[in-house]
Amino acid sequence: MLARDAWAELRGRVIFWFSAAVLLVALAMAAFPGLFARLGPNEACNLRMSKHGPADGALFGYDLQGCDYWSQVVHGTRASIVVGVAVTVFALLISIVLGLVGGYYGGVADALISRITDVFFGIPFVLGATVVLVAFPDHGIWAMTLVLVLLGWTTMTRLMRGQVIAVKDMDFVAAARMLGARDRRLMFRHILPNAIAPVIVVAMLNVGNVIAGEATLDYLGVGLQYPDVSWGLQLNIAQTFFADHPHLLVFPALFLTATVLSFLMLGDVVRDALDPRLR
Amino acid sequence: MRYAAQRLAQAIPVFFATTFLIYAMVFALPGDPILALAGDKPVPEQVLAVMRARYHLDEPLLVQYGRYMLGVFQGNLGETFTGQPVSELLQDRWSVTAQLALTAWIFELAVGIGLGVLAGLRRGGAADTAVLAGTTFVIAVPVFVVGYTAQIVLGLNLGLFPTAGTDEGWPGSYLLPGMVLGSFGLAYVARLTRTSLVENLRADYVRTATAKGLSRRRVVGLHALRNSLIPVVTYLGVDFGNLMAGAVVTEGIFNLPGIGQQVFQSIQLQEGPVVVGVVTLLVMIFILANLAVDLLYGVLDPRIRRARA
């Protein structure tokens, strides 16, 4: 019932369709960059064209190595989308398990989970990630994902735990228990579906934040490294030259902002749709 | 009072666990700092042994950590592998980062709450739409893009602010970097204030206050706003620590000689003692800020105070 109401509300929102469209394009670019880009990553670069601005045949101009910037920016999509989505999915799984266990059983398990959450919550994001990433210089996209999960699962876990505690004392849970439902059935069939909506919303917002965080680490030079292609890396190179060659900064920043913005707006409209109090 | 003691008892193990985690992460890094000191030259075994013993690198990690924390509580953050005390290295830099974070924080607090109230009072109005759209945009644009754009447009082209360095002192040199650093938090504060105020303005106690004949200003300012600020205070408390730690990027763009720059250099040079020193102090600030927030709740909302007593 709630889902159908939410969908009816979502269908009428321009912002929903707009951000969904942008994300669809971004997903397509991440999955099939060949459909959009003329050239492969770091392919057919000509140093003579280094940093040349937009011109005929090169819509976005050329990057520092003289590669076609449009193709490079398109290929940069995959890193951001993969990291953003993978980190959020893993963090969501962790938060569901820990939140259910802590919130439902309470007692020692809950206290332990809460304190561990506090410990990881207290580690500063940029500095913590930098320490780990510098220690393992040969990291690829999956090592980045691991580090970002490690530093990013706490917020959703806290929220999930709070939700479970709020839901577990409701009448329908008591009714199910009296009908003989076991702990696991209570948790997954009765509590989880009724507790998860706000966590899903935060997860959507989280995808945007993770993408921005990944780009920040790339930009600082501790994230992905050449020959990987990502928006953060492009911005890292652009910082030296952007005063004279603004196109180096503008295009990856535009793609990055549009993607992050779409995830944030999607999260916002879904929250509005799920929360009738604000209507 | 009992509540305060209880919170403190929870915060202490968290502090030690977090700092130990950082300590282990930094000193478990592959790469031998003593070998790195010598560059490409081979180091004689005896020299290695003496140096390892001098910096206690030959003891178990937990003992090293205990020794280190004992020093920290006596105000000694250890020394770098070249013999310079870490606290000396950080002395001037702390004040730069603290001024930067404070500027950003004040900016978040004043402008963020102001915009949030403006938007929340007229939900659906032009100001509300503008604030919502503007803040979403600010959250989505990466901070380094905001930084460079602001530096070029406001600093270089319009000449409103100094573009880099700390020559003008506080506040001149810190205004633009502070605004850039605080922009993200400002957007969150504005949105939180708005949502919270909108919910509270519909509450029964606000209707009662209005029905009693109180002025609109008093109803909003004293009754609704005070309750609405609880989540905002939480965020502002947590965010002060984030600002100090997040200053790495902003300090880089505006060339401010703060701890962010120092620690970033140190991580890349594998100067473990500096990294651990800074992060330990940051964690301390972070936990203290959280503690202060929890205690402030009671002041803002008597219901919380009683429920917990």
Side-chain angles (χ1 to χ4, degrees), chain A residues 15 111 114-128 130-137 150 205 208-209 211-216 218-222 231-232 235-236 238-239 242-243 246 249-250 252-254 256-265 267-268 271 275 277-278, chain B residues 10-11 13-22 25-26 28-31 123 132 136-137 139-149 151-152 156 184 191 195 198-199 202 238 241-242 244-249 252-253 260 263-264 267-268 270 272 275-276 278-279 282-284 286-287 290:
Chain A
I15 294 180
S114 298
R115 290 297 84 73
I116 294 174
T117 315
D118 287 351
V119 168
F120 279 88
F121 192 71
I123 300 176
F125 168 74
V126 177
L127 293 181
T130 307
V131 166
V132 181
L133 290 172
V134 170
F136 304 98
L150 214 61
L205 300 173
N209 294 333
I211 290 177
E214 192 271 335
T216 306
D218 285 356
Y219 159 81
L220 286 171
V222 297
W231 295 332
L235 291 167
N236 170 293
Q239 61 176 316
F242 79 100
L249 182 85
V250 169
L254 208 66
L256 183 58
T257 305
T259 310
V260 176
L261 195 61
S262 300
F263 275 111
L264 296 183
M265 291 195 306
D268 266 354
R271 174 180 22 220
D275 188 355
R277 270 183 313 164
L278 288 176
Chain B
Q10 276 178 1
V14 169
F15 168 73
F16 283 111
T18 312
T19 47
F20 178 69
L21 198 65
I22 297 280
M25 257 160 52
V26 171
L29 299 190
R123 194 161 86 92
L132 277 184
T136 315
F137 188 70
I139 293 174
V141 184
V143 66
F144 43 94
V145 175
V146 177
Y148 281 121
T149 316
Q151 192 180 35
I152 286 284
L156 208 61
F184 188 84
R191 295 175 74 96
T195 312
V198 165
E199 274 181 30
R202 288 186 190 167
V238 173
N242 287 343
M244 302 269 308
V248 183
V249 177
I253 296 171
V263 85
F264 193 69
I267 292 174
Q268 294 191 314
Q270 296 209 354
V275 181
V276 171
V278 170
V279 180
L282 282 176
V283 170
M284 237 188 262
F286 186 79
I287 290 179
N290 269 324

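Note on naming: letters A, B, ... go to the chains in the order of the sequence lines (proteins, then strands), and numbering restarts at 1 for each one.
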Below 4.5 Å from any heavy atom of chain A, which atoms of B:F264 appear? Answer side chain, backbone, both or neither.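 For B:F264, the side chain is the part near chain A, not the backbone.
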Heavy-atom distance under 4.5 Å to chain A: side chain of B:I287, backbone, both or neither? neither
Could you tell me which portion of A:L127 (side chain, backbone, both or neither) has an atom closer than 4.5 angstrom to a non-hydrogen atom of chain B? both
With only heavy atoms counted, which part of A:V222 is less than 4.5 Å from chain B, the side chain, the backbone, both or neither?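 Just the side chain, heavy atoms under 4.5 Å.
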Check the orientation of B:F286 and A:F121. Use parallel for under 30°, tilted for 30 to 60°, and perpendicular for over 60°. tilted
Can you tell me which of [options] forms the most heavy-atom pairs within a distance under 4.5 Å of chain A?
{"options": "B:R191, B:M244, B:Q151", "value": "B:R191"}
{"options": "B:V275, B:L21, B:V278, B:T149", "value": "B:L21"}
{"options": "B:L132, B:T19, B:T136, B:I253", "value": "B:T136"}

Of all heavy-atom pairs between [X] and [Y], which one has the smallest distance, and what is that distance?
{"X": "B:P142", "Y": "A:L256", "answer": "CG-CD2, 3.3 Å"}
{"X": "A:V119", "Y": "B:A17", "answer": "CG2-CB, 3.4 Å"}
{"X": "A:A253", "Y": "B:V145", "answer": "CB-CG2, 3.8 Å"}

Would you give the length of the straight line joining atom [atom1] of [X] to atom [atom2] of [Y], rounded to the nearest 0.5 angstrom?
{"X": "B:F144", "Y": "A:L249", "atom1": "CZ", "atom2": "CG", "value": "8.5 Å"}
{"X": "B:F137", "Y": "A:L261", "atom1": "CZ", "atom2": "CG", "value": "7.0 Å"}
{"X": "B:T18", "Y": "A:I123", "atom1": "OG1", "atom2": "CD1", "value": "6.5 Å"}

Testing B:V279, B:V263, B:V248 one by one against A:P124 for a side-chain contact (heavy atoms from CB on, under 4.5 Å), which residue passes?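 Passing option: B:V279.
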